[in-house]
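What follows is a short report on a single structure.
The chains referred to below are lettered A, B, ... by the order of the sequence lines, with proteins before strands, and numbering in each begins at 1.
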There are 2 protein chains.
Amino acid sequence: MPRRVTIDDVARLAEVHKATVSRALNAQTRDQVNAETLKRVKRAARQLGYVPNAMARGLRTSKSMTIGVIIPDLMNPIFPPIIRGIEHVLQAQGYTVLIANTDSHDEVEVSAFESLLQRRVDGFILATGRLDDQPVVEEAATADVPVVLVNRDSGVGRYPLVSGDNARGIELAVTHLVELGHPRIIHVAGPPNFSTTRTRAEAFEAAATRAGVEHDTIYATALSTDAGFEAAEKLLSDNGVAPSALVAGNDLVALGLIRRLRVQGLRCPDEVSVVGFNDMPFAGDFWPPLTTVRMPLREIGAEAARLLLRGIEAGEQEAATLTLPVSLVVRGSTGPFRS
Amino acid sequence: MPRRVTIDDVARLAEVHKATVSRALNAQTRDQVNAETLKRVKRAARQLGYVPNAMARGLRTSKSMTIGVIIPDLMNPIFPPIIRGIEHVLQAQGYTVLIANTDSHDEVEVSAFESLLQRRVDGFILATGRLDDQPVVEEAATADVPVVLVNRDSGVGRYPLVSGDNARGIELAVTHLVELGHPRIIHVAGPPNFSTTRTRAEAFEAAATRAGVEHDTIYATALSTDAGFEAAEKLLSDNGVAPSALVAGNDLVALGLIRRLRVQGLRCPDEVSVVGFNDMPFAGDFWPPLTTVRMPLREIGAEAARLLLRGIEAGEQEAATLTLPVSLVVRGSTGPFRS
DNA sequence: TTGTAGGCGTTATCAT
DNA sequence: ATGATAACGCCTACAA
């Protein structure tokens, strides 16, 4: 591998000092340099195939123009749209996004964070919020690095959070099921250590009570199809009376529920109605097409990025919570109650 | 923001020279330092919350321990598993993965590549291969940076490629449909500038001819549900005789085809059988569950990462092509021919 | 086993 | 408008 071209090489060819090259090649300082020389420098740079070294620059400027994004599970289809929103905003500002996927593994989360910190990312977007002990958020606080939480809140620290309106979403779901005549609704929530779970479960309790409908909440062990499948299992074995309407913790859980119900010979929506949450990609292609609460995933990512950028520029962060509006998408997994 | 802790700060507190700190903190050179001092250094580092600066290190070592991954479309569900495979291998070796998503936009691809090059990534994994003009691959060649292609081959340059056995996959699909008695099979291929499209289309031609079945190939404008939908549209309007069996360019196209057929009142698999390609996540949850060719996506990513690492270590790359075995997953979207 | 010194490629601050 | 110089934080011969 031939040694990389440096700013000195360009300077030599253009017959100017490297400081001039630096000025010529940076938009900020470009106007400080003579039009003639600018042209010469540019030509030399192109001719040599000069590529500025971001590490050297970052070392000097103590900015990496890099943002770390930590995701609990890339395989969950809600994250690609969120990431896209993040990237869209950040790329436009010249930032590069470093994505780390933890597979919901705590120790991976810590090491990913550490690794990103070593790279001196200018800020973090964390989608891994948990209400219980979360070392990374604490570390972020001591490291004094800008952080924005996305989707899920964290129990510790006070960081900005961008999410959809979980409470409103549940309310819409419950109202929809009540209007369909369902006398009894079960909420199959996610793990209790997610803020989303808590908010949704509370909203469910409130909405169902207000509607005067019989209701109950059970907790899945994760926000996955498998966990949904298991939850349905428990539901079917525990309960004498099979419920006619289910509000799932998210779309994956909904999918798992439906799968298990089908095994039991229970048709959705004929015998059981199921509402999902998130409106993840392809939610409309499943069988049956999922009725679900639409989260503006892309926008959530974009807003998180904007909030982070603002925090970085300001040098300090306001602990604002940004809640974006949601809506109910009625498709095929819900139908009228039939006794 | 308080100034970051440097190796000098640690050295001062531990009362040693910074060179000793450096040695103590690097696994490679740790054994060169006295056990006592090692302990002191470690304690000092922890006490100060020292985080090594990867940019400074990279500048010095001219290695970034960073790999750039360029993906055409993160929203395509085949990529998360591939990325996971890549990350799994790379993280274990201390590398950080920089993911750039181009949304199939050429100019974004170039700028992402440029940006990654500036960061002095130690190598690239490109999932954006195209047979026609592809500036990035050429740039990679002139920049003399290690590259591994994943899934799709490129027309220019000679880089290692890791993919599934496309030809064999199509063969399995055709055989399956022929065994079901279908007398006429249409291949709805992807865009012709993808190597996968070409390989699959050729294999289709060969397999169908060999089986002595009537057949034809049409090309979708993209590998997406929308493009599949449109292709079905064309198929239905052009053709007097509706085909009874379709081999799609990938699962997304298959989904689009099925969607459009349903609009037409054509039931899958009762009236039309459809085979997908890739076995992307959730392929089994659609309606009907997709019969498709299973690509070992995770393994493809992992092998690409291994190949790249080998190339980086060796300082040169063998232009090997690694083709991983595929299989047919028979689910609900294919059924016997009914005249 | 530890210290010394130089340099990786840039940019910022001077001085010219 | 341009040049000279130092410094960002780290690693690695080499010397002690």
Among dG3(D), dC14(D), dG9(D), which is the nearest nucleotide to the side chain of R23(B)? dC14(D)
Run the salt-bridge test on R310(A) and E313(A) with the 4.0 Å N-O cut-off and return the result as yes or no. no
Specify the separation, in whole Å, of atom CG of D9(A) and atom P of dC8(C). 11 Å
Would the base of dT10(C) count as contacting R60(A) through its side chain, where contact means a donor and an acceptor less than 3.5 Å apart? no
Residue K63(B) excluded, over 12 heavy atoms near NZ under 6.0 Å: yes
Roughly how many Å is it from CG in L59(B) to P in dC10(D), rounded to a whole number? 12 Å
Name the closest nucleotide to the T37(A) side chain, picking from dG9(C), dT2(D), dA5(C). dT2(D)
On DNA chain D, does the nearest nucleotide to R120(A) precede the nearest nucleotide to V16(A) from the 5' side, or the other way round? Give the residue. V16(A)
Rounded to the nearest Å, what distance is computed from the CG atom of residue L25(A) to the C1' atom of nucleotide dG9(C)? 13 Å
Winner on side-chain proximity to A19(B), out of dT2(D), dG3(C), dT1(C), is dG3(C)
Kindly point out which of dT2(C), dT5(D), dA12(C) is positioned nearest to the side chain of K18(A)? dT5(D)
Would you mind telling me which of dT12(D), dC10(D), dG3(D) lies closest to the side-chain atoms of T61(B)? dT12(D)
Does the side chain of R119(B) come under 3.5 Å of the side chain of T96(A) through a donor N or O and an acceptor N or O? yes
When you check the phosphate oxygens OP1 and OP2 of dT2(C), does a side-chain N or O of H17(B) lie under 4.0 Å from one of them? no
Rounded to whole Å, how long is the line connecting atom CD of Q32(B) with atom P of dT12(D)? 10 Å
Look at N53(A) and dC8(C) and indicate whether a side-chain polar atom (N or O) is within less than 4.0 Å of OP1 or OP2. no
Please determine whether a side-chain nitrogen or oxygen atom of T20(A) lies at a distance below 4.0 Å from atom OP1 or OP2 of dT2(D). no
As an exercise, state the distance from CD of E87(B) to CD1 of I67(B), rounded to the nearest 0.5 Å. 12.0 Å
Side-chain heavy atoms of I78(A) within contact of N151(A), under 4.5 Å: yes
Of V21(A) and A35(B), whose nearest nucleotide on DNA chain C comes first from the 5' end? A35(B)
Separation of atom CD in Q118(A) from atom C1' in dC10(D), rounded to whole Å: 12 Å
